[in-house]
Amino acid sequence: MNRFTMANDSDIMNGAVTDVYFEKTMEYLTMLKRNPYVTMEVTTQSSAYEYINFTGLNDVLPLLESHNVDVYAIPEGTVLKPRDINGIPVPFLRISGKYLDFAELETPLLGFLCQASGISSYSSLLKKSLGNIPFISFGIRRMHPAISPMIDRSSYIAGAAGVSGVLSSKLLGIKPSGTMPHALSLILGDHDAWKVQHDNASFRVFLIDTFMDEKFAAIKAAEEFPDIDFIRLDTPSSRRGNFPNLIREIRWELDIRGHKNIKIMVSGGIKLEDIPELISAGVESFGIGTSISSAKPVDFGMDIVNIDGTDITKRGKFSGIKNVYRCKTCNDVIAGYSDTKPTCHCGGTMENILQPYMENGKIIKNEDIETVRQRSLAQIENVMNL
């Protein structure tokens, strides 16, 4: 038995985490000796996000590996609306194969895509709102530790400047980002905690709100250690009052004392809607946790659209095997059932962005994290209109 209340790799790969009705369906079809060749598409009918940053394919591919299926998908880090310009749901992923070869994997497959894409889509909104102002993913302590790498990976793809998770950073090939906890000040006292941080950290960020009023703590930190990079406020909501005005007050007091070089970072319960006023008040870096890690999942579903060459699907869905064409000029998308490239209304060239990733159960395309991240950052900048 597992030591923790969680599925292990084997549980996920062998279908143990599937919904029971898939088990029953497989039992019935096996009994009836029916195993049709199907094509299934992953779409969403509605989404909490106007733009979806597609993420999670990195886990779907090893899940399906060695199953005799073909997989086409939109590349990770692609940002697009869930419906095309004609209102047709966009297929983000397409699987073709004998139904019984992969039926029990629908549940974990959707789980991989829904949550990762939700976190990356929310983080994309943060990135678009923040522009060049950095934010760090601080949210793993709010979620099950088993998924901490997925949380950090998804936020990093969508623009987080860094992640706090040690394991996540190792898997991403980046250095973990963090400042100092309140525990260090509680154990050592502010001055000694700041000093050890100052003397040993390459990037000096002081947490200033453990014991003192934020303004006077900021002044004290700046006067004792004038070469620090940031002061960080993690003030609890019960003590904040008007948080932007508190930031303005601190910025003013630092500036008139000649400490314009010291920047302000904030963390603790920061949400997307808080960002504009905090930037206006003078914040130049953010640690964002729970709102990232608890971002609403994208409500993907996976549906049969063709059985043994016949286009068929359930009510409310669109049958037929589709391609996804995107205009290189205006970024508009058309989900088409023809292999003929449509003509964009703007006159631009359209390309099929649904790409082959697996053939007969063998992964034929893999992308490194930086390629995915750079695609994502470019599309957040150029595609999302807020």
Side-chain angles (χ1 to χ4, degrees), residues 126-139 159-164 169 174-292:
L126 291 171
K127 177 60 179 173
K128 186 68 175 180
S129 181
L130 287 165
N132 292 326
I133 295 174
F135 71 99
I136 299 171
S137 176
F138 273 4
V163 302
S164 64
S169 300
I174 62 175
K175 186 177 180 180
S177 300
T179 59
M180 54 180 284
H182 290 286
L184 192 62
S185 284
L186 288 167
I187 293 169
L188 298 179
D190 272 336
H191 177 82
D192 288 349
W194 293 342
K195 188 175 190 319
V196 74
Q197 176 82 347
H198 177 275
D199 293 349
N200 293 280
S202 58
F203 190 66
R204 300 175 179 129
V205 183
F206 286 7
L207 184 61
I208 63 166
D209 57 8
T210 303
F211 293 110
M212 291 184 284
D213 172 87
E214 289 83 355
K215 177 172 72 173
F216 293 105
I219 294 170
K220 179 178 174 63
E223 289 178 345
E224 293 181 5
F225 303 93
D227 60 342
I228 59 174
D229 299 292
F230 278 87
I231 58 167
R232 173 182 154 217
L233 280 72
D234 193 50
T235 309
S237 57
S238 62
R239 300 295 184 96
R240 281 185 180 182
N242 188 316
F243 200 36
N245 278 346
L246 175 60
I247 303 298
R248 291 185 180 97
E249 185 180 338
I250 293 170
R251 183 71 272 162
W252 175 274
E253 297 296 339
L254 290 175
D255 288 352
I256 65 171
R257 288 168 172 79
H259 299 298
K260 292 185 178 182
N261 60 298
I262 299 177
K263 299 177 181 180
I264 298 174
M265 177 182 185
V266 297
S267 60
I270 306 297
K271 301 180 180 65
L272 177 65
E273 56 267 28
D274 303 325
I275 297 295
E277 191 172 6
L278 289 172
I279 293 175
S280 176
V283 176
E284 295 182 78
S285 183
F286 290 81
I288 304 179
T290 304
S291 64
I292 289 177

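Side chain of Arg251 to backbone of Ile247: no donor-acceptor contact under 3.5 angstrom is found. The backbone N or O of Gly131 lies less than 3.5 Å from a partner atom in the side chain of Lys127, making a donor-acceptor pair. In this structure a side-chain-to-backbone donor-acceptor pair under 3.5 Å is present from Asp274 to Lys271. Of the possible donor and acceptor atoms, none in the side chain of Asp190 sits under 3.5 Å from a partner among the backbone N and O of Ser185. The backbone N or O of Pro226 lies less than 3.5 Å from a partner atom in the side chain of Asn261, making a donor-acceptor pair. The main-chain N or O of Ala160 is never found under 3.5 Å from a side-chain atom of Ser137 such that the two would form a donor-acceptor pair.
Residues Ile288 and Ile136 have side chains not in contact (no heavy-atom distance under 4.5 Å, counting atoms from C-beta outward). Looking at Glu224 and His191, their side chains come closer than 4.5 Å, going by heavy atoms from C-beta outward. Looking at heavy atoms from C-beta onward, Phe286 lies out of side-chain contact with Phe138 at the 4.5 angstrom threshold. Taking 4.5 Å as the limit, some side-chain heavy atom of Ile292 sits within range of a side-chain heavy atom of Phe135. Ile279 places a side-chain heavy atom less than 4.5 Å from the side chain of Ile133. You'll find the side chain of Leu272 reaches within 4.5 Å of the side chain of Ser129, heavy atoms only. Between Asp229 and Lys263, every side-chain heavy-atom pair lies at or beyond the 4.5 Å cut-off. Residues Ile262 and Ile231 have side chains in contact (heavy-atom distance under 4.5 Å, counting atoms from C-beta outward).
Here the options are Val266, Thr179, Ile208, Leu207, the test is side chain to side chain contact (heavy atoms under 4.5 Å, CB included), and the partner is Asp234; only Leu207 passes.
Seen from the ring of Phe243, Arg240 counts as a face-on cation partner, given the 6.0 Å and 45° thresholds.
A salt bridge links Asp227 with Arg204: the closest approach of a Lys/Arg side-chain nitrogen to an acidic carboxylate oxygen falls below 4.0 angstrom.
Note: Phe206 and Phe225 have perpendicular aromatic rings, judged against thresholds of 30 and 60 degrees for the angle between ring planes.
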